[in-house]
*Asks:* 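If you scroll down you'll find the structure; I have some questions about it.
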Amino acid sequence: MKVTVQVAEIDRLVQLVQETPERAVEIVQEWAESVKPAEVKILPPAKQTKIVKEEHREMHLMCDHVLGSNPPLKASGCFETLIKLLQNHKDPQKRRIREKNTMVQQSIVNIKNALDLLYFLGVKKQAIQFEQWFVFKDDLPFVEEHIKILEKYRHLALAKKSEILTVKEEQLKQQMERERTLKLIEMDRLERLQ
């Protein structure tokens, strides 16, 4: 007997189980009894895979905007802060953070395009006791994938910073060499005049 299920049906079943985990076994049993084997079809999760890829594409674009519109050191600090926030998003004490927090101000609020990335990651702004707070939503999708992407961009920013330092170092060496050469030329010219 071949059994197949529509992806939407499984998604609805998963949602029901997540909403009432204490009734998970009952829900699955009721569903299994209500569906005739001939009606059940399991289809490949192509749509779900496409959604994940789309989510990652958008995340990469947002990280590119942060990296491209800020100095590498600031972008790296931004990515590092976002990684820490995502890693601690389930901790009740760290699920929310004041907008006026110095770290948040320096590494997210004052960084171009970083607030858009923060909101994309599942943070909403909320007024609590007359203060503005950034609060993580209860259920964040793709947290591990987002952390990996942020790590990748943090390393890119550090590499970009290293590359810029190498170029500046090379330019400084060339400038010092030119100055030394000009001094030698000037000394040679003064010697000839004597």
*Asks:* Keeping to residues at least two apart or across chains, list the side-chain hydrogen bond (donor to acceptor under 3.5 Å, both in side chains) pairs with something in residues 74-92.
*Replies:*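 Found T81-S107.
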*Asks:* Charged N to carboxylate O under 4.0 angstrom, R154 versus E151?
*Replies:* yes
*Asks:* Which pairs with one or both residues in residues 102-111 pass salt bridge (Lys or Arg N to Asp or Glu O under 4.0 Å), sequence neighbours excluded?
*Replies:* none
*Asks:* Give me the ring orientation class for F120 and H146: parallel if the planes are under 30° apart, tilted from 30 to 60°, perpendicular past 60°.
*Replies:* tilted
*Asks:* When you group the ILVMFWY residues by side-chain heavy-atom contacts below 4.5 Å and let the links chain together, are I149 and V143 in the same group?
*Replies:* yes
*Asks:* Residues in salt bridge (charged side-chain N to carboxylate O under 4.0 Å, His left out) with E131, at least two apart?
*Replies:*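 Once residues adjacent in sequence are excluded, the partners of E131 under the salt bridge (charged side-chain N to carboxylate O under 4.0 Å, His left out) criterion are R98.
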*Asks:* Sequence neighbours excluded, which residues qualify as salt bridge (charged side-chain N to carboxylate O under 4.0 Å, His left out) partners of E144?
*Replies:* none
*Asks:* Taking the six-membered ring where the residue is Trp, are the ring centres of H155 and F79 under 6.0 Å apart?
*Replies:* no
*Asks:* Before you tell me yes or no, could you show the steps for L117 and I111 under side chain to side chain contact (heavy atoms under 4.5 Å, CB included), namely the whole-Å CA-CA distance, both residues' side-chain angles and the distance that decides it to 0.1 Å?
*Replies:* CA-CA 11 Å; L117 181 56; I111 304 295; over 6 Å; no
*Asks:* Applying the 4.5 Å side-chain criterion to the ILVMFWY set and letting contacts propagate, would L85 and V135 be lumped into a single cluster?
*Replies:*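 They do not share one cluster, since no chain of ILVMFWY contacts under 4.5 Å joins L85 to V135.
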*Asks:* Rounded at 0.5 Å granularity, tell me how far CG in D64 sits from CG in L156.
*Replies:* 8.5 Å
*Asks:* Any pair with a residue in residues 107-128 that passes salt bridge (Lys or Arg N to Asp or Glu O under 4.0 Å), sequence neighbours left out, goes on the list, sorted by first then second residue, please.
*Replies:* E99-K125
*Asks:* F136, Y119: one ILVMFWY side-chain cluster at the under-4.5 Å cut-off?
*Replies:* yes
*Asks:* State, to 0.1 Å, how close A75 and V66 come at their nearest heavy-atom pair, and which atoms those are.
*Replies:*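 Nearest pair, atom of A75 first, then V66: CB-O, 4.2 Å.
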*Asks:* Is M103 linked to L115 within one hydrophobic cluster, defined over Ile, Leu, Val, Met, Phe, Trp and Tyr using a side-chain heavy-atom separation of less than 4.5 Å?
*Replies:* yes
*Asks:* Are V123 and K137 close enough that some pair of their side-chain heavy atoms sits under 4.5 Å apart?
*Replies:* no
*Asks:* Find the distance between CE (M62) and CG (L118) and round it off to the nearest 0.5 Å.
*Replies:* 10.0 Å
*Asks:* Atom CG of L182 and atom CD of E186: how far apart are they, to the nearest 0.5 Å?
*Replies:*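 Nearest 0.5 Å value for the CG-CD distance: 9.0 Å.
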*Asks:* Under the salt bridge (Lys or Arg N to Asp or Glu O under 4.0 Å) criterion, do R180 and E177 qualify, and how do the steps go?
*Replies:* CA-CA 5 Å; R180 192 176 73 77; E177 184 63 31; 3.0 Å; yes
*Asks:* Going from CD1 on I83 to CG on L121, what distance comes out if it is rounded to the nearest 0.5 angstrom?
*Replies:*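 It comes to 10.5 Å.
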*Asks:* Supply the atom-to-atom distance I108 CD1 to C78 SG, rounded to the nearest 0.5 angstrom.
*Replies:* 5.5 Å
*Asks:* Rounded to the nearest 0.5 Å, how far does NZ of K152 lie from CE of M59?
*Replies:* 11.0 Å
*Asks:* Not counting sequence neighbours, which residues clear salt bridge (charged side-chain N to carboxylate O under 4.0 Å, His left out) with R178? List them please.
*Replies:*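 Once residues adjacent in sequence are excluded, R178 has no partner under the salt bridge (charged side-chain N to carboxylate O under 4.0 Å, His left out) criterion.
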*Asks:* Start with the C-alpha distance between H56 and E145, add both sets of side-chain angles, then the distance that settles side chain to side chain contact (heavy atoms under 4.5 Å, CB included), and finish with yes or no.
*Replies:* CA-CA 8 Å; H56 293 335; E145 291 86 352; 3.2 Å; yes
*Asks:* Please test V109 against F134 for side chain to side chain contact (heavy atoms under 4.5 Å, CB included), starting from the C-alpha separation and ending with a verdict.
*Replies:* CA-CA 11 Å; V109 175; F134 292 115; 4.2 Å; yes
